[in-house]
Protein chains: 2
Amino acid sequence: MPWILNASGPIFVQLIEHLQNNIVSGKYDPGQKLPSVRDLAFDAGVNPNTMQRALSELESTGLVHSETTSGRFITEDKKMIDELRASLADSLKQEFFINMGKLGFSEKEILQFVNQNSTAK
Amino acid sequence: MPWILNASGPIFVQLIEHLQNNIVSGKYDPGQKLPSVRDLAFDAGVNPNTMQRALSELESTGLVHSETTSGRFITEDKKMIDELRASLADSLKQEFFINMGKLGFSEKEILQFVNQNSTAK
DNA sequence: ATAACTGTATTAAGTGGTTAATACAATTAT
DNA sequence: ATAATTGTATTAACCACTTAATACAGTTAT
């Protein structure tokens, strides 16, 4: 899975989202040690400064924490991770309904549209 | 409805999306004359240059066309408008499923999640 | 006719994100 | 002990987006 997809937002925001997704989806385990800033930056094809920025912002949410010279670690608070996952899902759902509404779809029409598999295949 | 909401992307892109939404949702009628660049810019709280950019990019898609000194008009091609609406809806749906997938939701779980009204109230 | 309005264009300045090239102190590996 | 690795910090440069201040030719309204 490539790190950078949509050129819409700033890269460091996309990095934050990518890291968040990997954590809440279980690709990273609670308490697990993360690769170094430089390695992560290399993987993402991004400048280390940019990755550093994304990580330090993630840190302010408590999702990860850094031991200054030994490395960076995912939080062990599984409840926090699950709550974040639920919160992100709610936001996506809400945003989806809002944007569909802007296209002129009613709530009923949105539900019909989602449950019909026109996209898949 | 305010023009600028998410600070994520460039303003001119958000303006394009806002205009597109107003067209496909029927707030603007096919063939209707648009307010002037300056008026639209004032409504959106944006510099006229930025609105001009959004409009000229919209023009390249054929959705609007400008009569150099008499004004700018929505296309009269209703089929084009409806197809754009369907296309935008498909994109939103697809994007929603992709992003939910990144959170670790299966397709079945996404459908369950959407059809249950946890967000609404 | 004259004033106001139309889309369009140009130049300059400011801002934020990104990259690049380093540097440092502290821990870990050999 | 010595070298490599850790997170962190700093400075400079570049680029896209945005705003600001105009300007122009052609149309419309009065």
Side-chain angles (χ1 to χ4, degrees), chain A residues 2-20 22-23 28-76, chain B residues 2-20 22-23 28-76:
Chain A
W3 282 69
I4 310 296
L5 288 170
N6 43 337
S8 56
I11 295 179
F12 79 93
V13 174
Q14 298 182 44
L15 297 178
I16 291 175
E17 292 168 353
H18 185 92
L19 290 163
Q20 269 184 339
N22 280 351
I23 293 172
Y28 288 136
D29 291 324
Q32 179 181 341
K33 180 177 180 177
L34 281 171
S36 73
V37 181
R38 293 166 179 82
D39 285 350
L40 285 172
F42 180 81
D43 286 350
V46 157
N47 190 277
N49 298 328
T50 308
M51 182 60 73
Q52 165 72 17
R53 178 167 182 184
L55 289 167
S56 66
E57 301 226 4
L58 255 190
E59 205 157 330
S60 67
T61 71
L63 203 57
V64 302
H65 58 95
S66 65
E67 242 56 51
T68 310
T69 58
S70 67
R72 215 180 228 101
F73 302 86
I74 309 290
T75 182
E76 297 184 11
Chain B
W3 283 68
I4 310 297
L5 288 171
N6 44 337
S8 54
I11 294 180
F12 79 93
V13 175
Q14 298 181 46
L15 297 178
I16 292 175
E17 292 168 353
H18 184 91
L19 290 164
Q20 270 185 338
N22 280 352
I23 294 172
Y28 288 136
D29 290 325
Q32 178 180 342
K33 180 178 182 177
L34 280 173
S36 73
V37 181
R38 294 166 178 82
D39 285 350
L40 286 173
F42 180 81
D43 286 350
V46 157
N47 190 277
N49 297 328
T50 308
M51 183 59 73
Q52 165 73 16
R53 176 163 182 186
L55 288 167
S56 67
E57 301 227 3
L58 255 191
E59 204 157 329
S60 68
T61 72
L63 203 57
V64 302
H65 58 96
S66 65
E67 242 55 50
T68 310
T69 58
S70 67
R72 216 179 228 104
F73 302 86
I74 308 291
T75 182
E76 296 184 12

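Whole-Å rounding puts the B:Leu40 CG to C:dG7 P distance at 8 Å. Regarding B:His65, its NE2 atom lies at a distance of 13 Å from the P atom of C:dG7, rounded to whole Å. To the nearest angstrom, C1' of D:dG7 lies 15 Å from CG of A:Leu58. Across the protein-nucleic acid pair, B:Asp39 atom CG and C:dT6 atom C1' stand 11 Å apart, rounded to whole Å. If you take CD of B:Glu57 and C1' of C:dT8, they are 15 Å apart, rounded to a whole angstrom. One atom, CZ of B:Phe12, and another, P of D:dA16, lie 11 Å apart when rounded to the nearest Å. Separating the CG atom of A:Asn47 from the C1' atom of D:dA12 is a distance of 13 Å, rounded to the nearest angstrom. If you take CE of B:Met51 and P of C:dG7, they are 11 Å apart, rounded to a whole angstrom.
In terms of the side chain to side chain contact (heavy atoms under 4.5 Å, CB included) criterion, residue partners of A:Asp39 (sequence neighbours excluded) are, by chain and number, A:Pro35, A:Ser36. Checked against salt bridge (charged side-chain N to carboxylate O under 4.0 Å, His left out), B:Glu67 has no partners two or more places apart in sequence or in another chain. Remark: B:Asn47 engages B:Asn49 in a side-chain hydrogen bond (donor to acceptor under 3.5 Å, both in side chains) (not counting sequence neighbours).
Using a 4.0 Å cut-off, no side-chain N or O of B:Ser56 falls inside it from OP1 or OP2 of C:dT8. Within the 4.0 Å cut-off from OP1 or OP2 of C:dA26, not a single side-chain nitrogen or oxygen of A:Thr68 is found. Contact annotation: B:Arg72 side-chain N/O to C:dT8 OP1/OP2 distance is under 4.0 Å. Dashed line: the shortest gap from a side-chain N or O of A:Ser36 to OP1 or OP2 of D:dT6 is under 4.0 Å.
Put simply, OG1 on B:Thr50 and CD on B:Gln14 are 11.5 Å apart, with the number rounded to the nearest 0.5 Å. The structure places CG of B:Leu34 at 6.5 Å from CD1 of B:Ile23, a figure rounded to the nearest 0.5 Å. Here the straight-line distance linking atom CG of A:Leu58 with atom NE2 of A:His18 works out to 11.5 Å at 0.5 Å rounding. Here A:Lys33 contributes atom NZ and A:Tyr28 contributes atom OH; the two are 13.0 Å apart, rounded to the nearest 0.5 Å.
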Every protein N/O lying under 3.5 Å from an N/O of nucleotides 9-14 of chain C:
none

*Using a 4.0 Å heavy-atom cut-off, write out nucleotides 23-30 of chain D from 5' to 3' as B (base contacted by protein), S (sugar-phosphate only) or - (no contact).*
B--BS---

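Applying the salt bridge (charged side-chain N to carboxylate O under 4.0 Å, His left out) test to pairs two or more places apart or on separate chains, those with a residue in residues 45-64 of chain A are A:Arg53-A:Glu57, A:Glu59-A:Arg72.
Considering only heavy atoms from C-beta on, A:Leu15 stays 4.5 Å or farther from A:Leu40 through its side chain.
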